[in-house]
Amino acid sequence: MSSLQPVRGTHDLLPDESRRHRWVEEAAFTAARRYGFGEVSTPIFEFTEVFSRTLGETSDVVTKEMYTFSDRSGESLTLRPEGTAGVARAFISNGLAQSLPLKLFYRGPMFRHERPQKGRLRQFHQVGVELLGVESPLADVEVIALAWRVLSELGLASKVRLEINTLGDAESREAYRNTLTAYLSDFRSALSEDSRNRLDRNPLRILDSKDEGDRRIVENAPLMTESLSPAAREFFQTVTSGLQTLGIPFMVNPRLVRGLDYYCHTAFEFTTTSLGAQGTVLAGGRYDELIAQMGGARTPGIGWAAGVERLSMLVEEPPPLPRPVSVIPMGDDMAAMHVAERLRRAGISVDMGYSGNMKKRMARANKANARFAVICGQEETARRAVTIRDLDGGSQEEVPLDLLEQHLVRLL
RNA sequence: GCGGGUGUAGCUCAGUUGGUUAGAGCGCCAGUUUGUGGUACUGGAUGUCGUCGGUUCGAUCCCGAUCACUCGCCCCA
């Protein structure tokens with residue numbers, strides 16, 4: 001084994017796996033386009049502030065997971081740990097408040113300095129969407145419907161479960177935070193060490209603690225629902241009934257919380273039980289205050305992101321590639337290369353080996369899963385013809401060189 | 001960041017209770033067939049036994065460290 005290893009938590013994507021990833025990404029983009037989203041591509045690094053100010057100073061992502069470094073002019077830059085902050089920044093930088101509502105799709109690598117596990121890498125890939133400038137819960141419904149569409153297209157409808165919750169508006173959340181903290185404080189000494197910390201920093205997180213003792217305490221805790229303002233309650237009601245209208249199965253999980261500070265109202269997660277500890281496959285929510293927080297005009301938004309690696313582990317085989325034709329030279333390699341080039345110009349995928357006798361080249365054609373072999377032998381060449389061999393059936397026929405392209409196009 | 005497991009050929013994995021030349025299957029290469037692949041048969045190559053250090057006459061095996069992967073926690077896609 002070589003000592004040249006990739007950096008911890010990073011992977012080389014060889015052609016087979018790359019193809020799975022591509023398939024996942026394309027399924028997401030195709031569906032997104034059908035819902036009216038256009039692709040946006042923002043830099044994979046930003047000024048550190050773009051993330052530190054928006055994700056929450058106490059969030060794990062900011063406090064211990066960012067790849068932050070100084071560039072040569074001393075600026076603090078950070079490899080993006082998620083996509084929304086960069087899109088929000090681009091929205092402001094480009095004055096896109098003029099073009100609301102805005103529907104954006106993105107894909108690409110994200111970076112988090114975490115301890116790697118299955119389905120959790122330091123460089124991983126996400127596809128995501130953001131719908132900006134729509135106050136109405138219609139946006140929430142549409143964006144979740146798109147997520148459901150993507151997962152369905154990938155054949156994952158039966159493998160995932162949609163959980164949804166509301167975090168309410170700012171006032172509701174503030175009120176809830178207070179009642180929850182008041183309730184939990186009585187149990188402070190009974191809480192797990194992690195949760196005692198969370199009590200001060202982010203008490204909502206205690207709701208989804210995996211600790212047995214915590215769970216018992218949380219069972220009787222007051223719910224967000226009880227602190228919701230009438231407006232927030234109605235908003236959530238519209239979202240859930242909308243999902244019902246569209247026939248999208250979901251379950252309300254009043255203990256579902258999101259890690260990043262900028263979320264409000266709708267929060268949702270598609271989870272699976274087949275990926276070990278990394279159950280979340282696609283997640284998102286509403287972030288009405290994010291852009292204002294970054295210094296832009298207040299612009300509501302909602303979006304989600306999905307982990308490409310996680311999805312590609314769940315997905316069955318991607319659709320097969322079109323099968324190539326193999327050109328087999330017999331003596332004059334360059335003449336055969338010329339034939340290959342003609343076929344490629346005609347839009348046909350062509351494989352051709354660089355050395356070896358006919359037997360070897362036929363074996364290579366087979367390995368390439370070629371549908372036909374085009375044999376360029378001396379005798380045929382003298383007649384300005386080639387032999388086409390059907391590699392599935394085994395029959396072969398001679399075809400005049402001039403008719404080769406049209407002949408093959410018809411056969412394929 | 002914390003705790004457990006694992007690391008032997010390109011891949012999946014045996015094995016050595018510390019002892020001379022470390023194995024299998026798949027894959028790869030060659031041949032049976034010098035103009036014909038997929039099947040079959042025959043033969044072949046492959047390894048710093050993750051890395052560094054320690055114990056020992058002797059370490060792939062025991063010990064320590066380190067790196068990577070993996071499972072769980074934290075957190076998240």
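All chains are named by letter (A, B, ...) in the order of the sequence lines, taking the proteins before the strands, and each is independently numbered beginning at 1.
- The separation of C69(B) from A22(B), taken at their P atoms, amounts to 30 Å, rounded to a whole angstrom.
- Using N1 to N3 plus N6-O4 or O6-N4 for Watson-Crick, or N1-O2 and O6-N3 for G-U wobble, each under 3.5 Å, A45(B) pairs with nothing.
- Not counting sequence neighbours, Asp211(A) has no partner by the salt bridge (charged side-chain N to carboxylate O under 4.0 Å, His left out) test.
- Taken residue by residue, residues 301-330 of chain A places heavy atoms nearer than 4.0 Å to RNA chain B at Ala305(A), Gly307(A), Arg310(A), Met330(A).
- Nearest to the side-chain atoms of Met358(A) among the listed nucleotides U36(B), C75(B), C29(B) stands U36(B).
- Look at the C1' atom in both A45(B) and C26(B): the space between them is 16 Å, to the nearest Å.
- Evaluation of the side-chain hydrogen bond (donor to acceptor under 3.5 Å, both in side chains) rule for Ser158(A) yields no partner, not counting sequence neighbours.
- Going from the P atom of C67(B) to that of G31(B) covers 48 Å, rounded to whole Å.
- With sequence neighbours excluded, the residues forming a salt bridge (charged side-chain N to carboxylate O under 4.0 Å, His left out) with Glu142(A) are Lys103(A), listed by chain and number.
- Counted within 6.0 Å of CZ on Arg22(A), heavy atoms from surrounding residues, nucleotides or ligands total 12 or fewer; the atom is thus considered open.
- Applying the ring pair (Phe, Tyr, Trp, His ring centres under 6.0 Å) rule to Tyr106(A) yields no partners; only residues at least two apart in sequence or on another chain are considered.
- Taking the C1' atoms as reference points, U56(B) lies 12 Å from C63(B), given to the whole Å.
- Non-hydrogen atoms lying under 4.0 Å from RNA chain B are contributed by Asn366(A), Lys367(A), Ile375(A), Gln378(A), Glu379(A), Glu380(A), all within residues 365-381 of chain A.
- Distance noted for atom C1' between G7(B) and C13(B): 13 Å (whole Å).
- Distance check, rounded to the nearest 0.5 Å: CD of Glu212(A) to CZ of Arg216(A) gives 6.0 Å.
- Between Glu405(A) and Arg345(A), no side-chain nitrogen of the basic residue sits less than 4.0 Å from a carboxylate oxygen of the acidic one, so the salt-bridge criterion is not met.
- A salt bridge does not link Arg215(A) with Glu219(A): every distance from a Lys NZ or Arg NE/NH1/NH2 to an Asp or Glu carboxylate oxygen is 4.0 Å or more.
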Atom pairs under 3.5 Å: protein N/O with N/O of nucleotides 43-46 of chain B:
none

Protein-nucleic acid N or O pairs under 3.5 Å, nucleotides 67-70 of chain B:
| residue | atom | partner | partner atom | Å |
| --- | --- | --- | --- | --- |
| A68(B) | O4' | Gln5(A) | OE1 | 3.4 |
| C69(B) | OP1 | Gly9(A) | N | 2.9 |
| C69(B) | OP2 | Arg8(A) | NE | 3.2 |

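- The separation of U33(B) from U17(B), taken at their P atoms, amounts to 47 Å, rounded to a whole angstrom.
- For Phe235(A), the ring pair (Phe, Tyr, Trp, His ring centres under 6.0 Å) partners are His265(A), not counting sequence neighbours.
- When the ring pair (Phe, Tyr, Trp, His ring centres under 6.0 Å) test is applied to Phe372(A), no partner is found at least two apart in sequence or on another chain.
- The stretch residues 391-402 of chain A touches RNA chain B through Leu391(A), Asp392(A), Gly394(A), Gln396(A), each having a heavy atom within less than 4.0 Å of the strand.
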| message | Walk me through whether Arg120(A) and Arg112(A) qualify under side chain to side chain contact (heavy atoms under 4.5 Å, CB included). | response | CA-CA 9 Å; Arg120(A) 170 201 278 175; Arg112(A) 290 184 199 172; over 6 Å; no

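- A 4.5 Å side-chain heavy-atom check between Val127(A) and Phe29(A) finds every atom pair outside the cut-off.
- Nearest-nucleotide assignment on RNA chain B puts the 5′-proximal partner with Met362(A), out of Met362(A) and Asp211(A).
- Using atom C1' as the reference point in both C71(B) and U55(B), the two lie 32 Å apart (nearest Å).
- The aromatic rings of Trp148(A) and Phe270(A) sit parallel, their planes meeting at an angle under 30°, below the 60° perpendicular limit.
- Partners of Tyr262(A) according to the ring pair (Phe, Tyr, Trp, His ring centres under 6.0 Å) rule, which considers only residues two or more places apart in sequence or in another chain, are Tyr287(A).
- To the nearest 0.5 Å, atoms CZ (Phe91(A)) and CG (Leu132(A)) are separated by 5.5 Å.
- Residue contacts for Arg361(A): at a heavy-atom cut-off of 4.0 Å it reaches no nucleic acid atom on any strand shown.
- Here the separation of U51(B) from G47(B), taken at their C1' atoms, is 15 Å to the nearest Å.
- Here Glu114(A) lies in heavy-atom contact (under 4.0 Å) with a base.
- Thr387(A) places no side-chain N or O within donor-acceptor distance of the main-chain N or O of Ile375(A), the cut-off being under 3.5 Å.
- Counted by atom type alone, Gln123(A) and His11(A) present zero donor-acceptor pairs between their side chains at under 3.5 Å.
- Contacts of Asp194(A) with the nucleic acid, taken as non-hydrogen atoms under 4.0 Å apart, involve only primed sugar atoms and P, OP1 or OP2.
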